[in-house]
Structure formats: structure tokens, C-alpha cells
Number of protein chains: 2
Amino acid sequence: MIDVVIADDHTLMLESLAEALDSIPDIRVVGTAANGAELVEQTRQQRPTVLLVDIEMPQVSGIAALRELAGAIPAIVVTMHTGEAERRQAEAAGAVGFLSKATPLPDLAAAVRAAAAGEQLLDTETLAEVLDRHRAPQLDAGAASLTAREREILRHLAQGVSATDELADLLFISQKTVKNHLANIYDKLAVADRAQAAVEAIRLGLHRDPPD
Amino acid sequence: MIDVVIADDHTLMLESLAEALDSIPDIRVVGTAANGAELVEQTRQQRPTVLLVDIEMPQVSGIAALRELAGAIPAIVVTMHTGEAERRQAEAAGAVGFLSKATPLPDLAAAVRAAAAGEQLLDTETLAEVLDRHRAPQLDAGAASLTAREREILRHLAQGVSATDELADLLFISQKTVKNHLANIYDKLAVADRAQAAVEAIRLGLHRDPPD
DNA sequence: CACACGGTAGGTCGGTAGCCCTATGGTGTC
DNA sequence: GACACCATAGGGCTACCGACCTACCGTGTG
């Protein structure tokens with residue numbers, strides 16, 4: 001699990017991003033900050049794995065905060081203005097990454113994983129390759145080994161279909177087969193019953209997978 | 001359920017906000033757009049209840065897109081620059097609301113509900129009052145009538161504690177009482193078992209309520 | 001071709017979840 | 001003070017769930 005603190009002065013951006021990142025299974029948002037001072041405070045209190053920092057913030061800027069933290073924790077700078085000047089500033093302040101706000105969310109998640117793994121993300125040349133290497137949300141071992149049919153059952157479970165007979169009807173198979181699949185799912189996810197399996201399925205985001 | 005289409009040229013903002021709004025029980029994001037042209041297309045295809053539009057977008061601006069849609073669907077303009085000029089532009093283009101990107105997420109959600117209910121949000125004087133009236137995420141009738149103890153049990157359920165004896169131990173009550181509470185919960189949430197109750201609890205956001 | 005694996009199906013059995021009912025003490029309200 | 005509501009607890013019963021086992025067939029892989 002990667003603990004992240006996010007700093008951005010636009011509340012909407014801050015709260016949305018926190019919410020979105022938090023819903024990624026292997027990332028947890030442990031603090032948010034609206035300015036550099038709060039960022040320093042949150043970082044010292046929460047000891048996160050990675051920082052996500054907007055440059056443009058009132059009072060104490062992101063750059064100033066990073067300088068104060070002196071690279072103790074890998075920080076990714078996320079900014080609207082991706083000019084060379086800003087990039088150099090961020091690099092000088094000790095950031096390990098420099099990303100535009102036009103970055104897709106999955107790429108940002110990959111960047112967070114890369115930073116947590118100690119990678120450097122400043123080099124524009126190799127950025128795509130580094131992100132690619134951290135794209136897989138490394139599902140919790142067992143979850144990765146779920147078969148297509150098992151995922152399908154989990155999806156229905158996460159959508160509120162819990163009864164064996166209803167699941168059997170939905171998949172056009174016997175109740176016996178449903179119970180067999182469920183038993184295999186319990187084994188792989190290390191859970192005991194369908195309530196826990198449903199919770200886990202939602203945590204893994206299976207509840208909004210395509211019906212196909 | 002309120003269907004929303006969001007337009008913003010910053011991918012990170014767009015995707016984060018979509019994710020965050022989607023996780024609100026009574027709001028569903030049915031489309032996203034990176035520019036005005038996509039916004040018009042998504043709106044015509046999806047027929048959403050409310051539009052959330054950033055002004056500053058490449059190619060076709062949010063204002064131009066709103067003018068083209070001619071107020072067919074209530075639109076809330078969300079912008080970084082909240083000057084009088086922008087406000088007048090938004091109003092002239094037919095927007096029913098004009099909010100800063102410094103708006104907290106719950107306020108934006110309230111604004112979306114207000115817009116869906118046909119309210120005007122342009123008047124700065126009455127804005128706070130209007131938002132207040134739409135603050136309550138109008139939980140699905142039954143959910144609102146849950147007692148504190150029932151919510152506590154649902155919270156644990158949503159966090160993966162499903163067995164009756166474990167719940168009883170956690171709450172220092174008998175298994176009988178747990179089963180009674182659960183029966184009342186099933187009744188109020190209109191579900192049949194703890195798997196469905198867990199799914200519903202997570203949908204209501206109870207899984208990250210404070211342990212208090 | 002043998003083998004592994006996934007999807008399918010069945011049997012048995014014990015435990016428990018869910019349903020119906022009653023009951024009591026506390027708390028708050030009119 | 002009567003009443004409603006909540007949290008607590010129990011009895012009894014049935015149906016279902018989950019655990020463990022075997023089995024067959026098709027597909028793909030070595």
C-alpha cells in the first residue's frame with residue numbers, strides 16, 4: 001500500500017484527486033494540503049510514501065515546501081505550466097517527477113507507484129517506459145489469478161446479486177457450479193463468504209467492469 | 001439519480017472529478033469531454049440532467065459549446081478565473097451556475113442537485129442558502145432512518161467483517177442482537193442478506209465513516 | 001499424446017444465516 | 001405519566017451457505 005499526501009490550492013482539484021486516487025486499490029491518500037505550510041505539516045505527521053505537489057499555491061509555494069522537506073520523501077510535481085523554468089525549479093527543489101495536469105489518471109497512478117519504488121521520472125525520454133513498467137496495479141497476488149468466469153461472478157456479487165439461484169440464472173449454469181466458482185474465489189481472495197467477497201470485489205473495482 | 005456530463009481540458013481534473021462525482025450515491029457521470037465539440041456531442045448522445053463545464057478549453061470553448069446547446073440542459077460553469085467578465089459571459093451563454101475551482105466537492109455536488117432541481121445558482125447573495133438546501137444527499141429513504149447502532153454494524157460489514165460472532169465480539173453484544181440489528185437493516189435498505197447490505201453500505205459511503 | 005487447467009456438475013454434511021415471535025430496560029418526547 | 005423508539009436478548013425453525021470430495025469434457029501447451 002502506497003501512502004500519499006496531495007497538495008493543491010484548488011479545493012475541487014484537491015478533493016477530487018484525493019477521492020480518485022484513494023479508490024485505486026494499492027494507493028491510499030493519508031493527507032491533503034491547500035498550501036505549502038500544510039504540506040510540510042501533513043508530511044511530518046503522516047510520513048507518506050510519496051508526495052503529489054502543485055507548484056502554484058498561495059503563501060508557501062510547493063517549491064518552497066519541497067525545499068524545506070529536503071527530499072526526505074519522493075515528490076512528484078503536478079502543474080499546469082510545464083515550461084522549462086518550472087521544470088528546473090522543481091528539479092532543484094528535489095522533485096523526482098514533473099507532470100502536467102493533462103496527464104491521464106492511470107499515468108499519474110503509475111507515476112506514484114514508480115516514485116514509491118524509488119524511480120526517477122524527470123527524464124522525458126524514458127518517462128513513458130518507466131510509467132509502462134508500473135502500469136499494472138499489482139493486484140493482491142490472488143486477485144490476479146482470478147479466471148474470467150470468477151471475475152464475472154464477482155462482478156454480479158459486487159452489483160448486489162448475492163443469491164446462488166440468481167447467479168446461476170444470470171450465467172445459465174447450475175447452482176452447483178456457482179458454488180464451486182465461489183469456493184475458488186474465496187480461496188484466491190482469502191475471504192470466507194460472499195459478503196467479504198463482495199467487499200473485496202468492490203475494492204478491486206470489479207463492480208463497474210463491462211458486462212462483457 | 002442525476003446524470004452528469006463533465007467538460008474540462010485538463011485530463012487529470014476531468015478524470016478525477018468524474019471519479020469523485022461518480023462515487024456520490026445520487027450522481028452518475030455519463031460522459032466526459034476535453035473540449036467544447038466533445039461536450040456538444042456527449043450531451044446530444046447521453047441527454048444528461050446537468051452539465052459541468054470548464055470555460056477555458058482548446059478549439060471550441062465551453063462558452064461556445066453552451067451557446068450551441070442553447071440552454072437545453074442546465075449547465076454549471078466551473079472555472080479558475082471568477083472575474084465579472086467571465087461571469088457575464090457564462091450567464092449570457094445560458095449557464096445556471098458559476099462556480100470557482102476552489103469550491104469544495106460537497107458544494108459542487110449540492111450545486112449539481114440544485115441545478116437538476118431547476119434552481120438558479122448565479123446570484124451570489126443566495127448561493128449559500130440554495131446549496132444548503134441541497135446539501136443532504138437525499139439518501140434512499142430507508143438509509144436515512146438507520147440508527148447509530150445499525151450504521152455501526154453496516155460500517156463493519158462494509159469493512160469486511162461479516163460473521164455474526166465477529167460482529168458480536170466487536171460490539172460487545174450477543175449474536176442474537178447482531179442478527180436482530182441485521183434484520184432491521186435488511187428491512188430498511190430493502191436487501192436480503194449481508195452481502196447485499198455490504199454492497200449497499202459501500203455505495204452509501206459507510207465504509208470510511210469514523211469508528212466513532 | 002499426455003497433462004494441466006478452466007468450466008461444468010453432482011453428493012454429503014454441518015454450521016449458520018435469515019425469519020418469525022416475544023420481552024425488557026432505557027431514553028426522550030408530548 | 002403514557003408512549004414511541006432503540007438497544008438489548010432469547011427461542012425455534014428452515015433454508016441456505018460453505019467445506020470437502022469426485023468427475024467429465026474441451027482447450028491449449030509442452
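Chain identifiers are assigned alphabetically (A, B, ...) following the order of the sequence lines, protein sequences preceding nucleic acid strands; residue numbering begins at 1 within each chain. Values below: every heavy atom of this structure, side chains too, minus hydrogens, waters and symmetry copies.
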Looking only at atom types and distance, does a side-chain atom of [X] sit under 3.5 Å from a main-chain N or O of [Y], one as donor and one as acceptor?
X: B:Glu166; Y: B:Val161; value: no
X: A:Thr103; Y: A:Leu99; value: no
X: B:Gln175; Y: B:Ala168; value: no

Can you measure [X] atom [atom1] to [N] atom [atom2] for me and round it to whole angstrom units?
X: A:Leu182; N: D:dC17; atom1: CG; atom2: C1'; value: 10 Å
X: B:Arg194; N: D:dC16; atom1: CZ; atom2: P; value: 16 Å
X: A:His181; N: D:dC17; atom1: NE2; atom2: C1'; value: 17 Å
X: A:Asp165; N: D:dC16; atom1: CG; atom2: P; value: 7 Å
X: A:Asp187; N: D:dA19; atom1: CG; atom2: P; value: 9 Å
X: A:Gln196; N: D:dC17; atom1: CD; atom2: P; value: 16 Å

Between B:Thr147 and D:dC5, does any side-chain N or O lie under 4.0 Å from OP1 or OP2?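 So the side chain of B:Thr147 is outside the cut-off, no N or O lying under 4.0 Å from OP1 or OP2 of D:dC5.
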
Under-4.0 Å side-chain N/O to phosphate OP1/OP2 contact, B:Thr177 with D:dA7: no

With the threshold set at 4.0 Å, does a side-chain nitrogen-carboxylate oxygen contact exist between [X] and [Y]?
X: B:Glu119; Y: B:Arg113; value: no
X: B:Arg47; Y: B:Asp3; value: no
X: A:Lys101; Y: A:Asp8; value: yes

Beyond-backbone contact of B:Thr49 with B:Met1, side-chain heavy atoms, under 4.5 angstrom: no

Can a donor-acceptor pair under 3.5 Å be found between the side-chain atoms of B:Lys179 and the base atoms of D:dG11?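 Answer no: no donor N or O sits under 3.5 Å from an acceptor.
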
Using a heavy-atom cut-off of 4.0 Å to chain A, what are the terminal contacting nucleotides of DNA chain C, in 5' to 3' order? C:dG6 to C:dT12

5' priority, DNA chain C, between B:Ala195 and B:Asn180 [closest heavy atom]: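 Per heavy-atom nearest nucleotide, the more 5' residue is B:Ala195.
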
Assign B:Asp193 to base, sugar-phosphate, or nothing according to its heavy-atom contacts below 4.0 angstrom with the strands shown.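 Result for B:Asp193 = sugar-phosphate.
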
